[in-house]
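Inspection log for the structure reproduced underneath, given as structure tokens.
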Amino acid sequence: MDIRLEGISHSYDDTEVLRGIDMDVPSGRIVCLVGPSGCGKSTLLRFIGGLERPTQGRVLQLGTPPEGCLNPLTFVFQDFALLPWRSVHGNISLVLEDHRIRGAAAKRIIADVLARTKLSEFAWALPRQLSGGMKQRVAIARALAVNPAVMLMDEPLSALDSQTRALLMDDLITLWERQPFTAVYVTHNLTEAVRLGHRIVVLSRRPGSIREIVEIDEPLSERGSAGAELERKLQHLWDLMRDDARAADKELLGV
Amino acid sequence: MDIRLEGISHSYDDTEVLRGIDMDVPSGRIVCLVGPSGCGKSTLLRFIGGLERPTQGRVLQLGTPPEGCLNPLTFVFQDFALLPWRSVHGNISLVLEDHRIRGAAAKRIIADVLARTKLSEFAWALPRQLSGGMKQRVAIARALAVNPAVMLMDEPLSALDSQTRALLMDDLITLWERQPFTAVYVTHNLTEAVRLGHRIVVLSRRPGSIREIVEIDEPLSERGSAGAELERKLQHLWDLMRDDARAADKELLGV
Amino acid sequence: MSDSTLPYGSAQLEVRFRGGGFSPIPHRWMGALVFVVLIIFIEWGTRAGFISALTLPRPSDVLATFGELWDSGLLFRHLGPSLSRLVVGAALGASLGIGVGILIGLFSYIRAGLGPLVAAIFPIPKIALLPLFVIWFGIGEGSKYALIAFGTFTPTVVATYGAVDNVDRSLIRMGQSFGLSWLSIVRKIVLPGAMPGILSGLRISLAIAIILLVAAEMLGAQYGIGAYILEAGSLYDLERLFAGVVILSLLGVLTSGAIAMIERRMLDWRV
Amino acid sequence: MSDSTLPYGSAQLEVRFRGGGFSPIPHRWMGALVFVVLIIFIEWGTRAGFISALTLPRPSDVLATFGELWDSGLLFRHLGPSLSRLVVGAALGASLGIGVGILIGLFSYIRAGLGPLVAAIFPIPKIALLPLFVIWFGIGEGSKYALIAFGTFTPTVVATYGAVDNVDRSLIRMGQSFGLSWLSIVRKIVLPGAMPGILSGLRISLAIAIILLVAAEMLGAQYGIGAYILEAGSLYDLERLFAGVVILSLLGVLTSGAIAMIERRMLDWRV
Amino acid sequence: SNRAIKVGALRFTSHSGSFVAFERGYFADAGLDVEFEFFQAAQPMAVAIASGDVDYAVTAISGGLVSLADKGAIKVIGGALSEEDGIDGQKFLASMAAFEAGVKEPKDLDGKRFAVTQSGSSFHYMGSKMAAAEGIELQFIPLQKVGAIIGAIKSGQVDGWSIVPHIAKPLAGSGAVHIIGNVSDYLPDYQVTTVFTSTENAANERGMTESFLAGFSKGVDDYAAAMIDGTADQDAMVDLIHKYVYTDRPRERAAPSIINGTMRLNKGAALNVASVQDQLSWFQSENLVDADITIEQLIDPSYVEIIGA
Ligand SMILES: Nc1ncnc2c1ncn2[C@@H]1O[C@H](COP(=O)(O)OP(=O)(O)OP(=O)(O)O)[C@@H](O)[C@H]1O
Ligand SMILES: Nc1ncnc2c1ncn2[C@@H]1O[C@H](COP(=O)(O)OP(=O)(O)OP(=O)(O)O)[C@@H](O)[C@H]1O
Ligand SMILES: [Mg+2]
Ligand SMILES: [Mg+2]
């Protein structure tokens with residue numbers, strides 16, 4: 001199942017946030033969205049997930065979601081969004097209950113996703129007992145439990161410290177290699193984008209519009225030690241963004 | 001004025017947090033503290049700043065603080081710690097008022113530090129109107145206003161996005177080059193440590209003890225494009241920390 | 001639509017919207033509508049007779065009573081003393097409450113000593129103590145001030161020390177790290193930081209102060225909205241009773257509006 | 001100390017401690033001490049005579065009255081009905097209040113319609129309406145339940161919809177993003193998320209319920225702590241008045257303790 | 001089987017008629033199964049009659065009672081307590097401070113503070129009539145609760161008050177106040193309390209109402225015989241009343257209060273219309289009730305002997 005964005009524009013009250021976004025998310029690929037703070041990345045992701053509606057344009061699902069897919073478009077949030085009053089197990093079963101998956105069937109799915117995210121021992125821990133990295137792995141496990149056609153990830157690693165971030169990036173790559181998934185991955189960390197993205201969409205400052213789309217063909221598994229080509233792409237992206245960042249740092253926020 | 005830590009150990013209730021830390025902070029140098037999450041970096045910094053007392057060992061000031069130094073040991077906090085009800089100007093004058101610096105004298109100092117942090121236009125803005133990078137620059141301006149002998153910085157950039165972080169790192173280097181200051185700089189971002197530190201102290205997992213001290217002699221201004229030597233040091237640091245991070249990510253937090 | 005959509009044929013559909021909701025959209029007229037409908041219903045019911053004259057007064061009669069109060073100038077003879085009792089009593093209770101609340105918030109010993117005392121005083125019904133208030137504070141304005149002050153004191157204390165507890169500790173550490181004196185920290189960091197909590201506590205305290213007006217005016221008050229309501233109640237004069245109650249209700253809405261205004265002006269720094 | 005310290009000579013000093021404070025350290029005995037000192041002082045004052053018998057009763061006499069109440073079995077004859085009124089009234093008011101509060105929190109139209117109504121009802125003194133309660137609910141237990149329920153209702157509504165408003169919106173968005181039904185989101189996300197706020201609102205509501213016990217038992221109650229206090233008050237019998245007040249006070253401390261226990265058990269997931 | 005009715009009562013000796021009738025089975029003999037409803041104050045009791053929660057009760061005529069009658073909810077059907085020459089009745093009191101400052105008789109209260117529970121209460125009526133008779137002015141201080149008034153007069157914050165003898169005498173005995181006059185000097189045949197019921201009962205339940213009054217009257221007779229006329233055993237009567245009044249005091253401490261509280265209860269529940277009319281006119285002259293209300297709206301004279309007309 002592919003996703004296509006057609007002519008998406010959006011304003012909140014008087015603030016124009018996005019302007020004329022057209023893009024495709026091909027099946028089995030990770031598309032990274034990068035851009036300066038406040039340019040509308042999260043907003044765009046909410047449109048794709050159907051949590052909000054753009055004032056103009058539309059988001060299309062092309063093709064049907066694969067068999068057994070409970071929630072085709074599934075989010076992984078930056079702040080994990082775990083229910084603090086439910087255990088790891090409970091947080092995952094939450095999203096199965098509404099699909100009438102309970103008992104043994106639910107157990108099997110939960111055990112499977114916990115194993116894939118290396119959390120099997122922590123099924124009964126409460127969120128407050130988990131470190132940030134573990135919390136995000138629970139959020140990823142929960143997303144995997146509904147067998148998504150597309151994962152929508154909004155800066156999933158930016159709340160973590162850099163070591164944990166590196167570990168989770170490796171984990172995501174392993175997961176993808178074992179079974180390629182489709183994802184839209186929002187980040188403002190260019191290294192992350194270059195490490196994970198098959199396609200990197202660079203947005204301009206607000207109102208966000210597409211400034212450039214960078215394709216990276218090198219397989220994910222081979223990007224470990226930054227090669228010259230990757231380094232060049234990184235530098236290119238950085239040049240694209242530096243001016244925007246500088247300008248943003250000289251502006252008062254809406255009073 | 002130098003700082004010397006002698007045999008610092010500390011426990012909170014039953015949790016041993018730090019064990020036998022000895023180290024020196026030489027005048028005019030930036031010492032970076034790195035280590036896995038929860039290893040006691042912030043705690044150690046609070047001991048140096050006199051905000052908390054270690055259960056064992058002591059922190060010494062060697063030599064007298066230079067003339068005109070209002071607050072020898074001055075913090076720059078990760079969360080900026082700006083008073084939301086005071087303007088940028090008010091936040092800086094706050095730390096001068098108690099030293100009976102008011103009126104023209106205060107104005108002069110404030111104008112000076114705002115100029116040094118490129119914030120002159122924003123003197124009357126409230127914190128909520130500022131972006132993260134600007135808030136941290138205000139916090140740095142406030143620290144500069146009291147003319148500190150040693151700046152104690154606790155992950156000052158980690159709340160910012162990576163582009164803004166890069167900009168502020170450049171700003172810090174410019175500040176240091178113009179007038180070298182002494183600093184203890186806590187971070188868990190190894191790139192940051194390698195970019196800013198003259199000396200990098202690597203702590204082990206909790207209870208934190210010194211695992212290694214890495215000296216970097218290359219001048220700050222020349223570290224822009226990662227040379228091979230820096231790259232090697234970075235890799236070395238990363239190897240030191242990876243296992244700790246992995247282990248930490250497999251542990252429940254104190255229940 | 002571009003050509004590239006063709007290969008997907010009919011399996012091309014727009015993403016289903018599933019967000020929205022769970023965030024209130026204001027409908028200003030609804031509130032007024034509910035009041036109007038309610039009043040019209042009662043008017044109709046009392047006229048048609050299925051609401052007996054014993055159960056509720058006719059709204060139009062209440063309005064007429066209100067008109068009489070206004071015309072005769074009695075409204076202000078009642079409102080004047082009540083307002084002054086409210087202002088003096090609430091000001092006393094609230095300022096004492098804020099003071100004690102801050103002390104409890106700042107000093108461990110005071111907290112340990114006075115905290116349980118305040119918790120024990122809170123559930124004491126003020127009307128039970130009326131006979132004592134006569135002895136303690138007389139039957140003049142003193143006892144009325146005291147009763148209202150006493151009633152506003154406890155909730156203000158609780159709200160205030162809660163607010164002080166909630167002041168961001170990192171700001172206090174910042175103050176200490178710059179060597180600010182204890183007094184500077186309290187004046188410049190703790191107090192402004194506790195202000196939002198104190199103001200929202202005042203909303204409740206002032207509502208309680210209005211409620212206690214009636215109890216306070218049980219003690220030898222000849223004029224006052226509370227006295228007016230009590231007399232109407234003892235004469236079973238429902239029109240006047242409701243006229244008085246409506247005045248208190250309006251008073252409540254006004255104070256709450258006033259606090260909202262103060263909040264907007266004093267707390268404009270909030271995000 | 002290592003040799004390297006020598007070059008600094010005498011200019012070597014330990015960093016000055018300037019942190020600490022601003023965080024309460026519990027002193028459990030202080031609370032008890034304050035009560036004991038206060039009681040001893042009053043006992044002494046009333047014995048020595050500088051506190052007149054009109055002003056305060058002698059604590060030992062209050063204790064004796066308490067003893068009589070206990071011995072005669074009257075304590076439980078008074079406590080029984082009061083407790084049942086408290087439980088039924090507060091349960092009614094609180095559950096209705098939570099229900100309405102949740103509706104207000106969830107539905108914009110209900111909020112717009114009922115919000116102002118609740119705000120207008122809040123400052124109405126319940127004692128002013130006593131005569132009407134007799135007509136509306138009779139003189140049996142009904143009117144007592146109704147009065148207490150009415151008094152607990154408004155603060156519970158306000159606390160509950162505040163709590164619902166404060167439920168982390170990102171958790172609700174998460175639920176929506178997984179396609180959870182509206183009812184699942186309310187049951188599994190909104191309600192548990194609002195629980196801390198609802199419970200802390202109940203602290204205030206229940207204190208108010210205890211306060212209203214006295215007003216409720218003005219309406220044809222033979223037994224009950226409120227009736228006991230009222231009778232003592234009308235006879236200016238300070239010992240009995242204070243014995244009754246102490247019981248209410250203890251009741252308040254107990255309910256607040258019970259809520260703390262429920263919080264510990266139900267909200268152990270909090271950080 | 002007997003018909004079940006509810007009778008409202010306050011725990012005062014003035015309600016003894018009902019207590020005696022119940023204890024000695026006079027209600028049962030009249031075919032009624034009486035259940036008492038006790039109140040803390042008279043006003044809710046009047047409202048409870050209006051709402052039909054209680055069938056019969058005895059209380060002072062107050063503005064509230066008249067208002068309820070005006071709304072067509074209740075009727076006065078008989079008399080209960082009244083002032084009578086030769087029997088110790090309600091007293092005028094002066095506080096210690098006022099007494100020492102020269103208030104020796106009611107007329108000395110000119111310009112002084114006179115305590116009442118509420119405007120339109122019987123205290124207000126007594127004070128007002130006394131002032132009119134003496135040609136003096138009083139400052140009426142509403143204090144709502146008897147307890148508050150006691151506190152206020154003991155501490156000298158009000159100067160005068162009028163109250164039933166069983167409260168007046170112990171207060172005077174404790175040296176906190178002085179008795180300076182009798183209410184009966186100013187209001188000789190003052191109908192202090194009356195028997196009343198709902199309009200519904202008065203109009204449509206004649207049989208039941210008559211039965212109640214019959215039983216009640218027998219109780220009153222027994223009470224008068226024992227407590228006033230001395231023709232029956234006073235101790236037994238005190239024992240009976242002690243079951244209802246001052247229950248939490250031991251018998252020996254309750255007895256003086258019960259005996260002190262003795263006043264005339266009208267024989268056969270006869271109603272002094274002149275006194276009632278005077279009270280009604282006073283309420284109207286004070287603007288406390290609607291000026292159009294007539295005595296016919298207030299009382300139903302068809303049940304008992306009408307005196308003083
Ligand atoms: N619900 C809303 N109402 C009004 N304005 C909004 C709303 N949500 C977002 N905005 C504004 O829209 C703009 C884009 O927000 P968005 O969160 O999409 O940016 P972003 O690219 O994700 O930024 P960041 O990198 O900081 O997460 C911002 O200026 C933000 O203030
Ligand atoms: N006031 C305190 N009371 C009890 N334990 C504390 C306190 N402050 C910190 N700790 C504990 O001490 C340990 C070290 O904390 P510290 O904040 O110094 O770590 P850190 O190295 O700064 O970690 P991070 O990288 O996450 O900021 C942690 O386990 C923490 O839970
Ligand atoms: Mg975002
Ligand atoms: Mg830290």
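Heavy-atom basis, side chains included; hydrogens, waters and symmetry copies ignored. A, B, ... follow the sequence lines: proteins, then strands. Residue 1 opens every chain. On a predicted model such as this, the values are computed, not experimentally measured, just so you know.
- For the pair D:M174 and A:F75, the minimum side-chain heavy-atom distance is 4.5 Å or more.
- Close approach to chain D, defined as a heavy atom under 4.5 Å from one of its heavy atoms, is seen in A:D79, A:A81, A:L82, A:L83, A:P84, A:W85, A:R86 of residues 78-91 of chain A, taken by number.
- For a heavy-atom cut-off of 4.5 Å, chain D lies close to A:L126 in residues 100-126 of chain A.
- Checked against side chain to side chain contact (heavy atoms under 4.5 Å, CB included), D:L206 has the following partners two or more places apart in sequence or in another chain: D:A90, D:T255, D:I259.
- Both the backbone and the side chain of A:V95 come within contact range of chain D, each with at least one heavy atom under 4.5 Å from a heavy atom of that chain.
- The distance from the OG atom of D:S177 to the CG atom of A:L152 is 8.5 Å, given to the nearest 0.5 Å.
- For the atom pair CG (A:L73) and CZ (D:F178), the distance works out to 11.5 Å, reported to the nearest 0.5 Å.
- Between D:K188 and A:D98 there is a salt bridge, since a side-chain N of the basic residue sits under 4.0 Å from a carboxylate O of the acidic one.
- Residues from residues 36-52 of chain A that place a non-hydrogen atom less than 4.5 Å from a non-hydrogen atom of chain D comprise A:L51, given in numerical order.
- By number of non-hydrogen pairs under 4.5 angstrom with chain A, the leading residue of D:S170, D:G175, D:G193, D:P192 is D:P192.
- Using a 4.5 Å heavy-atom cutoff, the side chains of A:P127 and D:W269 are not in contact.
- There is no contact between D:L183 and chain A, counting heavy-atom distances below 4.5 Å.
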